[in-house]
J.: 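Take this structure, written in structure tokens, and hold onto it; I'll ask about it next.
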Amino acid sequence: MNIIHIIGFILMIIGFWGLLTQKNMIKIVLALAIVETGLQLVMVTFGFIKGHTAPILDSSELVKGAAEMIVDPVPQALVLTAIVIGVAVNALMLTFVIRLYQKKKTLSITEYKDLKW
Amino acid sequence: MVNPLYIVAILLGTGFLLPLISKAGRRVALTVFFMSLIAVSAISYQWLWSFLFDGQAPAMFYTAGVEPPLSINFLLGFKEAIFITAVNLIAVVGAIYMSTQIKETGYKAMILFLLMVLGLNGLILTADIFNLFVFLEITSIATFSLVGMDLKLNSLTGGLKYMIAGGLASVFLLLGIIILYSLTGTLGIESMSQYVLNVDNVKLLSIGSFLLIFSFIIEMKQFPSNGWAIDAYDGVNPGITGLASATGTAAVFYSLYKIMPIVSDEILSMIIFIGSLTFVVSNLMGLMQTSPRRMLGYSSVAQMGLVMAAAAWSVFSQNEGLFFAAVLPLLLNHFFAKAGLFWITGIIKKNDYRKWGVIRENKVLLGIFIVMVLALTGMPPFPGFWGKWNLVLDLSANFEFFWIFIILLGSLFEAGYMLKWLGVTLKKTYEKDIVAYDSYKVLAIEIVNIMLLIVSFYYFFRQNHTHMGYYLPYTAGLALLGLRFLPEKIKGVLSLASIFLYGYLFLTHQSGFPLFFNAMFVFGAFVLTIATLNRKKKSSTFYGLLMLMIGSLIALVNAENILNFFISWEIMTVTSYLLIHRGRDSEKESFSYIMFSLGGAFLILMGFALAYSENPQALGYGIFSIANENSMTAFILISLGFLIKTAALGVHIWIAGAYSKAEDDVTPFISALLSKAGIFGFVMLLLTMGIPRTEYIDLAYILSWIGALTALIGTMMAIHEENAKRLLAYSSMGQVGYIILALSIMSGLGWTAAMFQMINHFLIKGVLFLAIAGVIFRTGTADMYKMGGLIKKMPWSFTAVMFGIIAISGVPPLTGFGAKWLLYEALIEKGWYLQTGAAFFASTVAFLYCFRLIHAIFLGQPKNEFRNVKEAPAWFIVPQYILIMVIFLFSVFPKLLIEQITRIVEPVFGQGVTWTDGTAYTSLGYWNGTTVMIIVGTIFVVLTAGLLIKMPKIQKVKQFNIVFSAERPETPELTHFAYEFFRPYRRALGWMIAPYAKNFWAAVSEWTYTISDSLRKIYTGNTQTYIFYILMMSVVLFYVTVGVK
């Protein structure tokens, strides 16, 4: 457990808090984005090994003893993918919010509960 | 074999090229779009084929020549092949369904559609856990972009809710993935399931697998974190909903199934628990729905819960076979039926199920609708039935009876709202409305329907435990449904011919009780079918249904194991429901009938499961003979099921409604024949199981009192009825009560009495219901106080009714006397004097209602409006007199019948009756039917002659009018002497027939609806409530499965 882990989890909790308390739909989407950011921090620290270098094999020294000298590249790859997908999902959600606003002229999520029970 | 990576390549490639291709015109783009979908289907189909027939081994595919985790890799085995074939097929069909829309929106919609299909295929094929996430997101983004193209408020709201929930699910998923990766160092699902065994940090491992599974629980829309999904099903364009509810859930389910081997048993148990809970609760909430789409939403969610729980159970119990036997049929049933029904809602577009009658204008769509609703309620031969059956038997073999109960309860709720929808749709008058039957949409739905039927038949043949001869009795019914365009008379004659043929085919090969029952069913069906030839109105399905019902009765008797027995029982239930439903204003009554019948069927299934648990692998009736600790419970459950069918006291409240609301020529079948199915069940149960008893409880004694009280109370209720058919219904209830009483004696004489009374009741109720049907046909009413004085207009019917009531009341010389005589002797021989008293009292009370039938209908003052009625048509009279001739034959020569009964009863209980010439001797007395007939005949002749000599002048009584001081009475029926004829008795003995049972069941239904209504209020429609549920559920489940310490 290191400091970045903790920051990540705190960010996630802030995001959850935002999801539950904010009525503005844009803020809700942003809260979800904050959760995702926290999550990405947590993810990337899982692959981090103290004292090791970036997994870019640009010297012969690194190529030889790669396993002992670099951090695990897989979580970094995963995080990159997750960021890209997250951005796409958030953008799509925001378009929905815009469309909804055009329909009802309000951003409050409590106004959109015609579908229920 | 084509590398499955081409699936990705084709879909992506076409997607990228479409903007260019669309320059050549929309039609070209659409063609390319469809061709790529078909190509992808062909690839998956080719794989499925080689797995099925060429013994193909599962294959692994890597991209870019690199090993995982640096590349995407696919695993394609038999299961994957099944899933991608199904998904790609629905994708093509869905594209056909939405083709108009897609064409209008242009290439953007096509690209999104292709991407969605790509994501679904990837979800199923991918062999590593991270790409699971990637493909899940591709599917979601593509699906929601498609949703967003439909710019309706509900569509957008539903979509946004879905996306927020999906976003939360991905957070849990990613967190789970990274934790598992850090512990095992791999992303490959198969290697991970190996490595997790060596992980030291068990705590972190369980957290990781919990998070992974929890995200799938959200994606699978489990209770209570599923409000957003139901809202989305409700609001989003039905074309996409149908696709998503079928393909999306199937793909997500399969990815969940893939990762199940990674997780621990505790987490698997959690999946089973959550899935079963969702199945029951969602179906319960479905009961209060009025919007068909929302109903389907609840049903979808429930079905996915069941499928998920069943899959987790198969992994938990390491029973790979169960996946194919139960999980797959359950899923495919949902897959095709749900897609089809959602798409139908896209055509009918009525937001209230009570307005769905308009679908009746399109016969094709109506037929598909009926098939799909029946499939969803789990009726044979649809895959859902096989899935549930196999699941129940497997659970039973593992002694998991609680889960069986849960599954059956959920199924009953589901049947509740689906059949309510079906019932109203088939009957209710509707506003004329122009519905656009887009031919593409109808075509798509038809394809799905055909697929559902193909899968049904595949499972039907796969499961078949017996020779095909067992299914022979259904052929006539199915053929008549196919020949529904023929004129009614021809179909009627064909029915008669096929019943005759059934008799020839089956009766010649059978012996013992099966022969006895089948002889009754075949003969009875033949005679009663004659009356249906009177039908004038054209009906496309009547004879098909009737013959299916008759066939199911014969098949029930032919059945040699519990599976065939149960299939016949279910088919009998459904066909009789649909027949009763045909009657006028019968929605409520037939609904009550089907719910009681299904409840009974599930009790029987539960009992079968209990009996089966001690001796798995065998389905023969032999399982009942093995005594074990569950025998008693099994016996109670199964007999409760049969008691419901025979309308025993306490579960009788459906009988009067169902009998009286059924069409007049259908009621004789139900009363005379169908009620005997329950008796047959009892006979088979008692023959194999006996009546279990313990030190404290003697079930035979309890059963005897149920029989006696049913006889007594049924009769008491009959005397107060004003409606002739209701009166006869309660009379039926009472008469069948005697049979149960006689069976419970378990002696040679007792069973002789039971069988004799059964034949007696069959003959009499045939006569009486037919006679009443004839009267109603002429007068148009079943209310007795509206009739009167019909004796001169309808002398033949009068005579038939008179013979009928003499026979039913148990006075000499007709068969009823023999039945009662045997019954009393058997009871006294057994030493059950109190039951004898009750039976005797009931049989005396029966005179009262018998008298009303004659008096109120045929005697007294003729009514003005019926002054010109004629005798009932010969179609009604002829079968009555055939039955009366049989009654006379057995009255004068009871030996003919009793000898046959003795032959089948003797091997079991020994001889109850011995014969010297024509005289029957029991341990207590003797009876000679011929002599009794001669004596009674002589008395009759002497008295008539005496009267004629004493009063040679016959004076005719003329009718006179009563004038009420020039006023019209407020309640004209009060002026009829016969109205509420036995009111004084009601005052004295009314407490006996106070509607205790009715109130009890009303309360049960009221409570169910109330609970359903308050439960569904948790889905407030507010997205933040849903987020709250998801987060809370994660905390609670985390605490339960992982723990805090």
Side-chain angles (χ1 to χ4, degrees), chain A residues 8-9 12-13 15-23 25 28-29 31-33 35-36 38-40 42-48 72-75 77-79 81-82 84-86 88-104 108-117, chain B residues 69-70 130-131 133-134 136-138 140-141 144-145 147-148 151-154 156-161 163-164 166-168 170-172 174-175 177-179 181-182 185-187 227-228 230-235 285 288-289 294 1013 1016-1025 1027-1028 1030-1031:
Chain A
F9 279 119
M12 283 176 77
I13 289 166
F16 285 141
W17 172 81
L19 276 175
L20 289 173
T21 54
Q22 298 305 307
K23 301 285 172 218
M25 285 193 288
I28 287 177
V29 175
L32 199 57
V35 176
E36 280 163 9
L39 172 72
Q40 286 147 8
V42 172
M43 284 175 77
V44 84
T45 40
F46 263 104
F48 177 74
D72 188 346
V74 174
L78 299 192
V79 168
T81 320
V84 173
I85 290 175
V89 172
N90 291 341
L92 188 60
M93 274 199 263
L94 285 174
T95 60
F96 269 65
V97 172
I98 293 168
R99 295 282 196 201
L100 282 173
Y101 181 77
Q102 287 169 347
K103 292 269 168 199
K104 262 196 170 175
S108 169
I109 195 146
T110 49
E111 298 298 315
Y112 295 92
K113 43 183 194 182
D114 300 338
L115 298 166
K116 60 185 171 189
W117 300 337
Chain B
L70 298 176
F130 185 72
N131 282 317
F133 163 74
V134 175
L136 194 63
E137 294 298 329
I138 293 179
S140 310
I141 292 173
F144 292 121
S145 309
V147 169
L151 290 177
K152 293 204 180 83
L153 179 65
N154 280 351
L156 291 169
T157 326
L160 186 69
K161 286 178 187 179
M163 280 203 299
I164 291 176
L168 277 174
S170 343
V171 169
F172 289 109
L174 280 173
L175 206 52
I177 289 172
I178 198 73
I179 291 177
Y181 172 75
S182 73
T186 177
L187 288 171
W228 49 274
I230 294 160
D231 291 352
Y233 280 139
D234 193 3
M285 290 189 281
M288 279 306 285
Q289 298 308 318
R294 227 176 149 76
D1013 197 31
R1016 74 190 178 122
K1017 292 278 156 59
I1018 68 166
Y1019 299 141
T1020 57
N1022 187 337
T1023 315
Q1024 279 178 313
T1025 323
I1027 300 173
F1028 177 71
I1030 292 174
L1031 294 179

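Quick note on labels: first sequence line is chain A, next is B, and so on, each numbered from 1.
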J.: Determine the option with the most heavy-atom pairs under 4.5 angstrom with chain B, choosing from T81(A), I85(A), V89(A), V42(A).
T.: I85(A)

J.: Is L32(A) in contact with chain B via its backbone, its side chain, both, or neither, using a 4.5 Å heavy-atom distance?
T.: side chain

J.: Is the shortest heavy-atom distance from the side chain of M163(B) to the side chain of V147(B) under 4.5 Å?
T.: no

J.: With respect to chain A, which residue among T1023(B), L151(B), I179(B), T1025(B) yields the maximal number of heavy-atom pairs within a distance under 4.5 Å?
T.: L151(B)

J.: Is there a side-chain contact between L92(A) and I141(B) (heavy atoms, below 4.5 Å)?
T.: yes

J.: Using a 4.5 angstrom heavy-atom cutoff, name the option from E36(A), M25(A), K23(A) with the most pairs to chain B.
T.: K23(A)

J.: With under 30° as parallel and over 60° as perpendicular, where do the rings of F16(A) and F172(B) fit, or are they tilted in between?
T.: parallel

J.: Sequence neighbours left out, what passes salt bridge (charged side-chain N to carboxylate O under 4.0 Å, His left out) with D1013(B)? Give chain and number order.
T.: R1016(B), K1017(B)

J.: Below 4.5 Å, heavy-atom pairs only: which of Y1019(B), F130(B), F144(B) has the largest tally toward chain A?
T.: F130(B)

J.: Flag the pair F133(B) / I177(B) as yes when at least one side-chain heavy-atom distance between them is below 4.5 Å, and no otherwise.
T.: yes

J.: Checking heavy atoms, do the side chain of F1028(B), its backbone, both or neither come under 4.5 Å from chain A?
T.: both

J.: Measure L39(A) against the heavy atoms of chain B and call it side chain, backbone, both or neither at under 4.5 Å.
T.: side chain

J.: Taking side chain as everything from C-beta outward and backbone as N, CA, C, O, which of these in T95(A) sits under 4.5 Å from a heavy atom of chain B? Side chain, backbone, both or neither.
T.: neither

J.: Can you tell if the side chain of Q1024(B) reaches within under 4.5 Å of the side chain of I28(A), non-hydrogen atoms only?
T.: yes

J.: Less than 4.5 Å to any heavy atom of chain A: does that hold for the side chain of L153(B), its backbone, both, or neither?
T.: both

J.: What pairs with Q22(A) under side-chain hydrogen bond (donor to acceptor under 3.5 Å, both in side chains), at least two apart in sequence or on another chain?
T.: none

J.: Is chain A contacted by the side chain of T157(B), its backbone, both, or neither, given a heavy-atom distance below 4.5 Å?
T.: both

J.: Under 4.5 Å heavy-atom distance to chain A, tell me which part of I138(B) shows up: side chain, backbone, both or neither.
T.: neither

J.: Identify which of L100(A), L78(A), V29(A) forms the greatest number of heavy-atom pairs closer than 4.5 Å to chain B.
T.: L78(A)

J.: Hey, is K104(A) close enough to D114(A) for a salt bridge, meaning N to O under 4.0 Å?
T.: yes

